[in-house]
Amino acid sequence: MTQSDYAMPSPENKAGDLQRQVETLRAELEKIQRRAADLEEANAQWQVTFDAIADAICVLDADHRIVRMNRAMAQLVGRSEADAVGHHCWKLVHGTDQPPESCPCQNVRRFLKRHNAVIDHNQRWIDVTIDPRFDYQGQLDGFIHVMSDVTASVFKENALREAHHTLLTVLDSIDAVIYAADMASNELIFMNRHMRDMFAGNAAPTCWQELHNLDGSDRCGTAEQLLDENGQPKGVMVWEGTNKARNQWFLHHDRAIKWVDGRYVRLHVATDISAVKTLERERMENETRLRQAQKMEAIGTLAGGIAHDFNNILSAILGYSELALDDANQGRSNPTYISQVYRAGQRARDLVQQILTFSRQTETESKPIQIQPIIKEALKLLRPSLPSTIDIQVEVRSDAIVRADPIQIHQVIMNLCTNASHAMRNGGGRLRVALLEEELVADGNPIAGLVPGRYLKLEVSDTGHGIDPLVIDRIFDPYFTTKEKNEGTGMGLAVVQGIVRGCGGAIKASSRPGQGAVFSVYFPVIAPTTASHAVSQEFIPLGRERILFVDDEAALADLAKEILGRLGYRVTVHTDSLEALSLFEHQPRAFDLIMTDMTMPQITGDAFAERCRAIRPDIPIIICTGYSQKVTPEMMDRLGIGALIMKPLVRNKLGIAVRQVLDGKKNLKTHD
């Protein structure tokens, strides 16, 4: 070692080293100061963020004492952070000296993982989440305690749960089948109590078969019917269906709704309307009976007129027959007398047809008709039954065509005219029946139930005592009547109103006491149709075929044989249906046509025709009858009846019908 190794630094060198050290220390101090400032700023920013969190948050040590907390926590417990630090969390939250049994911190300490619980705090629902905090060695060092006010969410959830329960209660209280089903598979997603009870809780595989009596291959309420081209709901679809197996009628409502999973499903509501259908059927039956009763009442009113006409007809028949017989006994012949008898017979035939037509109970048959001939026919029957003090005036100014049942129109006219005559029976007066057209416009005087357009107006007026203003609004009510006891059922005007409405029309009444009444009936006018031309009755075709004619009335059988014989046919007649059947059984090929009466004592015409058809299926058959109600189109088709001829037998109609049936034309109906 040399001496230089032990040399001391010079003062100048020492001063320079100190200066450098001072500068280094000053730089480090500035760094520390800047870092401290940054930490203080970061801490301030963290505190601002910490306090801005809406949830109440506090940091606990390992003994559950509060180390730090945000503003929300301070507000929740009502303490400042300085006052709260060092206290156990349960002391501030629950006000107890010991943790509660359900304390989430105990579960976190036990399992060393997050725990969550909802607690009731000061009538508020608080969602508590606690996470464990570990030191760098992995030891439990404390807890992060977060509290969220979920009162609104809990109330909302409870409200939704209550609403759901209420909705299910309502659906289960409805006595209708309600279910939701998948659009494509028809898999049931929901069904109410009524449906569960109906199908014993097992409706999934059988709902279409049981409820709709369908197998699902041709059903209503499909996706194509309930969703538009964009896959959006179209609206409600309403339809009726019957289940024949259950003998039930259902009114169905289908619509597409969005389910909880976002897909559209079919909501179906089916109401049992069997009782309504039964009541509707009974109502229609009652209306039919009431109309028939009103017809019978009208026929009772007409009895005098019918008797008057029949006596006149019989007088002509008997009187001219006596004159013809006298001439015949003296070897003379007077065709005029025979013609008078023939015309009287035609009048009698027409009168009987009118009575049968008016009193029949068949379904209504609406068709294009003109009303003026019906007015003439009705007044002809009514005139003899009216006092001579009543003057009838008819004013027809339109031949427009309407769609209606002529029988019902006849009934309307008879009823209104009969009521008018009752109003004038004591002092007489004028009964006026007018037929004219009226154009109803939108800005004119509206008539309830009618749209603007062209109408045929039937007007029946009288000069009688009029209608009391206090009751005029009730005259169309069923069973309401101002007549004396035993003078009427009170159903006349109610039936008239029902008939008129059924034709798409309306009726109104106007009256002043002592000045008579006017009933105006409006029928919609329709476009005229080309009338079919009837078969000419001037030419009567002849024939040479063999005919078996069966009728228990010997006079009619002989008459038919004579008429048909003069037309060239070879006719075998029988008044005993069993004997005629025996003859046909033994000689089925001896005849080309069978003509039989409908009503016979031993075997009826339809049974006779059926027995003959069983022997020879190709034999043409004609039924003759004086009353056609028993002969229906279904019966004619089933038995292969070629024609129905209404009595009395008239040569031209009889000859044409026989020829047409023999020539292969079937299902003819001849009224004469």
Side-chain angles (χ1 to χ4, degrees), residues 293-309 311-312 354-355 358 371-397 408-436 456-497 499-500 506-523:
Q294 202 273 335
K295 288 181 182 181
M296 293 302 98
E297 179 184 340
I299 285 182
T301 303
L302 297 177
I306 293 171
H308 177 274
D309 275 8
N311 282 331
N312 288 340
Q354 291 172 6
I355 297 171
F358 189 66
I371 292 183
Q372 66 270 30
I374 304 176
I375 294 176
K376 180 179 179 181
E377 177 183 303
L379 293 179
K380 180 181 177 183
L381 287 174
L382 185 65
R383 173 70 271 185
S385 64
L386 299 183
S388 58
T389 55
I390 295 179
D391 178 35
I392 299 179
Q393 296 182 358
V394 180
E395 182 182 348
V396 176
R397 289 189 284 171
Q408 291 188 338
I409 299 301
H410 190 284
Q411 189 174 355
V412 167
I413 297 170
M414 293 298 298
N415 185 285
L416 295 179
C417 290
T418 301
N419 284 350
S421 68
H422 273 279
M424 300 182 290
R425 58 184 172 180
N426 292 329
R430 182 180 69 256
L431 169 61
R432 178 178 174 270
V433 181
L435 194 63
L436 55 145
L456 182 65
K457 182 167 75 170
L458 169 67
E459 197 171 80
V460 178
S461 61
D462 64 74
T463 57
H465 50 66
I467 305 173
D468 190 333
L470 297 177
V471 303
I472 194 168
D473 292 334
R474 300 177 54 200
I475 59 175
F476 295 106
D477 294 346
Y479 301 111
F480 177 81
T481 180
T482 58
K483 297 178 183 178
E484 298 294 331
K485 186 177 180 180
N486 299 324
E487 287 189 350
T489 62
M491 287 303 302
L493 288 178
V495 170
V496 167
Q497 187 181 58
I499 292 172
V500 173
I507 181 172
K508 69 174 185 178
S510 60
S511 176
R512 290 184 179 179
Q515 298 184 23
V518 179
F519 285 84
S520 300
V521 184
Y522 294 83
F523 298 99

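Please read these numbers as outputs of a predicted model, since none were measured by experiment.
Interatomic distance, Gln411 CD to Thr418 OG1, rounded to the nearest 0.5 Å: 10.5 Å. For the atom pair CG of Leu431 and OG1 of Thr463, the computed distance is 9.0 Å after rounding to the nearest 0.5 Å. Separating the CG atom in Leu416 from the CD atom in Glu459 is a distance of 11.5 Å, to the nearest 0.5 Å. Rounded to the nearest 0.5 Å, atoms NE2 (His465) and CE (Met424) are 9.5 Å apart. One distance of note links CD1 of Ile409 with CD1 of Ile413; it measures 7.0 Å at 0.5 Å rounding. Interatomic distance, Leu435 CG to Gln372 CD, rounded to the nearest 0.5 Å: 6.5 Å.
Looking only at distances, a side-chain donor or acceptor of Ser511 sits under 3.5 Å from a matching main-chain atom of Gly516.
Around CZ of Arg432, the count of heavy atoms belonging to other residues, nucleotides or ligands within 6.0 Å exceeds 12.
Side chains of Asn419 and Val460 form no contact here, defined as non-hydrogen atoms less than 4.5 Å apart. The side-chain heavy atoms of Leu458 and Val433, taken from C-beta on, include a pair separated by under 4.5 Å. Using a 4.5 Å cut-off on side-chain heavy atoms (C-beta onward), Lys380 and Glu377 make no contact.
The two residues Ala517 and Ile467 make their nearest non-hydrogen contact at CB-CD1, 4.0 Å. Considering all non-hydrogen atoms of both residues, Val500 and Tyr522 come closest at CG1-O, 4.1 Å.
Judged as a salt bridge (Lys or Arg N to Asp or Glu O under 4.0 Å), and not counting sequence neighbours, the contacts of Arg397 are Glu395.
Among Ile375, Ile371, Ile374, the one residue that satisfies the side-chain contact (heavy atoms from CB on, under 4.5 Å) test with His410 is Ile374.
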